Asks: 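I have a structure I would like to understand better, so I am pasting it below and will then ask my questions one at a time.
Here the structure is a predicted model, which is why all the values come from computation and not from measurement. Chain naming here is simple, since letters A, B, ... match the order of the sequence lines and numbering starts at 1 in each.
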Amino acid sequence: MLKDLFLKETENAVNLAIKNNTLGQMTEYTKGSLSVEKPKNINFGDFAINVSSLAKSAKIAPPQIANAICDNLDKDKYGVNIVGGFINFKVNKEILCNIVDEIFKKGENYGKPENVKTEKINLEYVSANPTGPFHIGHGRWAAMGSALANVLKFYGHDVYQEFYINDAGSQIQKLGNSLLIRLKQEKGENIDFPEDEIERKNYYPGEYLIPVAKKFLLEHEYTEDIKILSDFAKKEMERLQRELLENFRVHFDKFYSELDLHTSGKVETSYKKLQESGKLYEKEGAIWFKSSEYGDDEDRVIKKADGSNTYLTADIAYHKDKMDRGFDRLINIWGADHHGYVARVKASLEALGYDSTKLEILLGQLVNLVINGEQTRMGKRKNMITLDDLIEEVGVDATRFWMCMRDINNTLDFDIELAKKSTDENPVFYVQYAHARACSILRNAINDRIDAHSGETVKAPLSQDEFDNLVKNFDKSILDDEVENAKKLILKLEEFKSTIINSAENRTVYSICRYVQELAADFHSFYNATRVITDNKQSTLARLSLVYAVKSVIALGLNILGVSAPEKM
RNA sequence: GCGUCCGUAGCUCAGCUGGAUAGAGCAUCUGCCUUCUAAGCAGAGGGUCGCGCGUUCGAAUCGCGCCGGGCGUACCA
């Protein structure tokens with residue numbers, strides 16, 4: 001990366017200065033005390049390093065430090081100038097040409113970091129109950145999770161995506177009970193869900209089970225056997241969920257069934273292991289886990305007084321199983337409403353002898369739907385908007401982009417009206433438009449076209465062969481006279497590399513959304529200032545190569561986000 | 001009460017491990033289509049970085065305490 005280049009050069013210069021005794025009382029440079037940033041004022045340079053942080057150990061004023069360091073730098077090569085405690089660098093033509101060259105040479109691998117430590121990662125997200133349709137919040141985890149998986153893979157990690165199905169426990173019973181009511185209604189019986197709020201909690205009164213009831217009656221004899229009914233409803237819900245996920249471009253390597261965890265005996269095994277660890281005890285008829293010994297606020301029940309397991313019991317077995325499968329790291333995306341579970345799951349892993357720091361839990365804040373400028377709470381109301389509804393309304397691209405756009409720590413306002421708009425108010429379209437615009441220019445380069453205003457046929461400046469040759473045998477020397485004019489744009493293309501690294505290392509998908517918006521902005525700006533296809537063939541070729549590079553990098557970014565990069569709009 | 005996330009321009013948000021006059025998009029105002037997509041561009045105005053104290057040469061950024069909001073606080077999942 002460009003930043004690293006300047007950092008390394010400066011660090012070498014610092015070490016030399018120390019050796020020459022020109023850095024005051026400084027006797028040793030500790031790596032990491034200098035960092036590269038962007039100058040506030042573009043006239044200073046393209047990159048800057050602030051040396052004020054060395055003032056403490058050197059015991060001399062920052063400008064003096066900067067001067068001493070600069071004595072050991074190739075000032076001409078790097079366009080070095082000093083302002084106060086800042087050493088500013090200017091990139092030269094050669095560097096700029098190399099950036100574009102790298103994009104051509106590496107193609108789809110441009111931006112893939114080298115020499116980074118990669119891990120075998122299990123990424124678990126969505127993990128909804130198979131008891132109903134996804135809500136908007138699931139959409140956020142689905143979009144962010146799959147985009148995170150993409151960026152982690154691009155970084156070089158080995159990522160295994162997993163969806164934990166909560167298909168055991170009392171909610172499945174509830175599902176069966178609810179289907180029975182719908183069945184009876186289908187048969188004309190005058191029956192409904194209880195009005196009483198507490199009793200109503202034993203049912204899923206949403207209308208989504210009506211079509212399930214119809215389907216059941218088409219395929220099966222009427223029955224009141226709750227086991228059969230809940231099984232049927234569960235399978236149907238799972239089928240619909242998976243269909244939606246595929247449609248939403250979310251692909252899991254495994255759907256892990258909680259039920260399997262029970263039938264395979266894994267829940268029992270992990271329970272016994274916990275017991276052996278001596279961290280279980282009985283109180284008031286229930287079995288408790290001493291999670292408070294590992295930083296949890298209080299101990300947790302693991303087996304209820306009636307002998308049944310709690311949700312946690314299976315979850316412990318699940319996480320133990322993930323550990324046993326040999327992953328270097330487990331990443332979970334959970335809704336913020338589950339944050340209370342973090343401490344207890346980590347506690348259980350510690351008690352079972354695992355390193356709980358391998359488990360990273362990303363807590364996502366919830367989504368507010370904004371309709372006509374008004375926030376609506378997502379609740380289990382009758383007229384609740386499901387993820388299906390949302391995607392149908394605004395489309396997969398816009399939904400995915402909006403869901404990824406904000407830091408996971410922030411609540412997300414999803415403005416339906418805005419996301420639907422095909423105008424500059426909508427960042428998704430802004431970025432896609434930049435891509436389409438670039439594609440359009442590339443098309444015009446090799447196709448004769450009819451001028452919209454004069455109506456005359458304009459001959460294509462390049463043949464297909466010439467264009468193919470430009471891409472396949474890219475020669476960076478054609479850029480020599482063009483790169484200064486496109487400096488901002490080219491430096492932005494270079495930033496893709498650090499964006500990927502930051503995004504993957506900090507698990508921040510939104511930084512890719514931001515990057516792609518910034519790149520689009522710089523491209524639109526370039527487009528307006530610089531005519532690409534002109535009578536000058538040399539400059540046309542050079543500028544086309546820039547357009548091609550931009551198109552490629554926007555596509556790379558959008559691809560990671562799971563958003564399409566249209567060639568025409 | 002306790003835990004946790006958040007509080008930066010009218011609105012939605014960036015601001016990386018503290019550093020040069022606090023940034024972007026939308027909205028508002030002013031310009032730009034005889035030329036490759038104006039779904040675009042150029043420019044302008046707009047901020048006590050919730051409040052206070054502390055650490056520091058230096059704080060939107062770190063610590064503590066308030067204030068305001070979201071979420072959680074089950075032998076539910």
Asks: When rounded to the nearest Å, what value does the distance between P atoms of G40(B) and G25(B) take?
Replies: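 Per the computed distance, 12 Å lies between those P atoms.
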Asks: Return the polar atom pairs (N/O with N/O) between nucleotides 10-12 of chain B and the protein under 3.5 Å, or none.
Replies:
residue: U12(B); atom: O2'; partner: Arg406(A); partner atom: NH2; Å: 2.7

Asks: Which value, in whole Å, describes the distance between the P atoms of nucleotides G7(B) and G50(B)?
Replies: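 It comes out at 8 Å once rounded to the nearest Å.
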Asks: Can you list everything that forms a salt bridge (charged side-chain N to carboxylate O under 4.0 Å, His left out) with Lys537(A)? Sequence neighbours excluded, please.
Replies: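 By the salt bridge (charged side-chain N to carboxylate O under 4.0 Å, His left out) rule, Lys537(A) matches Glu466(A).
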Asks: Using heavy atoms and a sub-4.0 Å distance, could you list which residues of residues 331-340 of chain A are near RNA chain B? By number, please.
Replies: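 Hits under 4.0 Å, by residue number: Ala336(A), Asp337(A), His338(A), His339(A).
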Asks: Using the C1' atom as the reference point in each nucleotide, state the distance between G58(B) and G19(B) in Å, no decimals.
Replies: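 Those two atoms are separated by 7 Å.
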Asks: Determine: side-chain N/O of Lys38(A) to OP1/OP2 of A22(B), distance under 4.0 Å, yes or no.
Replies: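 Answer is no, no contact under 4.0 Å.
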Asks: Judged by modelled atom types alone, do Asp415(A) and Trp402(A) share a side-chain donor-acceptor pair under 3.5 Å?
Replies: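 No pair is found: no donor N or O on one side chain lies under 3.5 Å from an acceptor on the other.
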Asks: When rounded to the nearest Å, what value does the distance between P atoms of C71(B) and A59(B) take?
Replies: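 My reading of the P atoms in C71(B) and A59(B) gives 36 Å.
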Asks: Show me, range against range, the stems involving RNA chain B, built from at least 3 consecutive Watson-Crick or G-U pairs below 3.5 Å.
Replies: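 For RNA chain B the paired stretches long enough to count as stems (3 pairs minimum) are B:1-7 with B:67-73, B:10-13 with B:23-26, B:28-32 with B:40-44, B:50-54 with B:62-66.
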Asks: Restricting to salt bridge (charged side-chain N to carboxylate O under 4.0 Å, His left out), what partner residues turn up for Lys488(A), sequence neighbours left out?
Replies: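 Scan of Lys488(A) (salt bridge (charged side-chain N to carboxylate O under 4.0 Å, His left out), adjacent residues dropped) gives Asp522(A).
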Asks: How many whole angstroms separate atom CD of Gln365(A) from atom C1' of C13(B)?
Replies: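 Rounded to whole Å, this separation is 15 Å.
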Asks: Go through the structure and list residues passing side-chain contact (heavy atoms from CB on, under 4.5 Å) with Arg406(A), not counting sequence neighbours.
Replies: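 side-chain contact (heavy atoms from CB on, under 4.5 Å) check on Arg406(A) returns Arg140(A), Leu412(A).
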Asks: Output all residues satisfying side-chain contact (heavy atoms from CB on, under 4.5 Å) with Ile172(A), sequence neighbours left out; order by chain, then residue number.
Replies: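 Checked Ile172(A) against side-chain contact (heavy atoms from CB on, under 4.5 Å); matches are Pro130(A), Thr131(A), Ser230(A), Lys234(A).
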Asks: Taking N and O atoms by type only, does the side chain of Glu37(A) place a donor or acceptor under 3.5 Å from a partner on the base of C16(B)?
Replies: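 Counting by modelled atom types and ignoring angles, no donor-acceptor contact under 3.5 Å is found here.
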Asks: Is the NZ or CZ atom of Lys174(A) positioned over Tyr204(A)'s six-membered ring, under 6.0 angstrom from the centre and within 45° of the axis?
Replies: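 Yes, a cation-pi geometry holds between Lys174(A) and Tyr204(A).
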Asks: Could you check Asn50(A) against Asn309(A) and say which one's nearest nucleotide on RNA chain B is further toward the 5' end?
Replies: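 Between the two, 5'-proximity favours Asn50(A).
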Asks: Quick one: are the ring centres of Trp141(A) and Tyr125(A) less than 6.0 Å apart?
Replies: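 No, too far apart.
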Asks: Scan residues 516-535 of chain A against RNA chain B and write down, sorted by residue number, each residue with any heavy atom closer than 4.0 Å; if none is found, say none.
Replies: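 Nucleic-acid contacts, sorted: His524(A), Ser525(A), Tyr527(A), Asn528(A), Thr530(A), Arg531(A), Val532(A), Ile533(A).
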Asks: For Lys266(A), enumerate each residue passing the salt bridge (charged side-chain N to carboxylate O under 4.0 Å, His left out) test, keeping only those at least two apart in sequence or located in another chain.
Replies: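 Only Asp321(A) meet the salt bridge (charged side-chain N to carboxylate O under 4.0 Å, His left out) criterion with Lys266(A).
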Asks: Ring centres within less than 5.5 Å and planes less than 30° apart: is that true of Phe429(A) and A39(B) in this structure?
Replies: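 Taking the rule of under 5.5 Å and under 30°, the ring of Phe429(A) does not stack on A39(B).
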Asks: Walk along nucleotides 54-63 of chain B from 5' to 3' and tag each nucleotide B, S or - by protein heavy-atom contact under 4.0 Å, base first, then sugar-phosphate.
Replies: ----------
Asks: Who are the salt bridge (charged side-chain N to carboxylate O under 4.0 Å, His left out) partners of Lys279(A), not counting sequence neighbours?
Replies: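 Salt bridge (charged side-chain N to carboxylate O under 4.0 Å, His left out) list for Lys279(A), sorted by chain: Glu293(A).
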Asks: Does Asn502(A) have any side-chain hydrogen bond (donor to acceptor under 3.5 Å, both in side chains) partners at least two apart in sequence or in another chain, and if so, which?
Replies: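 None.
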Asks: Syn or anti: how is C16(B) classified when any glycosidic angle within 90° of 0 counts as syn?
Replies: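 You should classify C16(B) as anti.
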Asks: What distance, rounded to whole Å, do you find between the two P atoms, one in G52(B) and one in A60(B)?
Replies: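 Roughly 12 Å separates the two P atoms.
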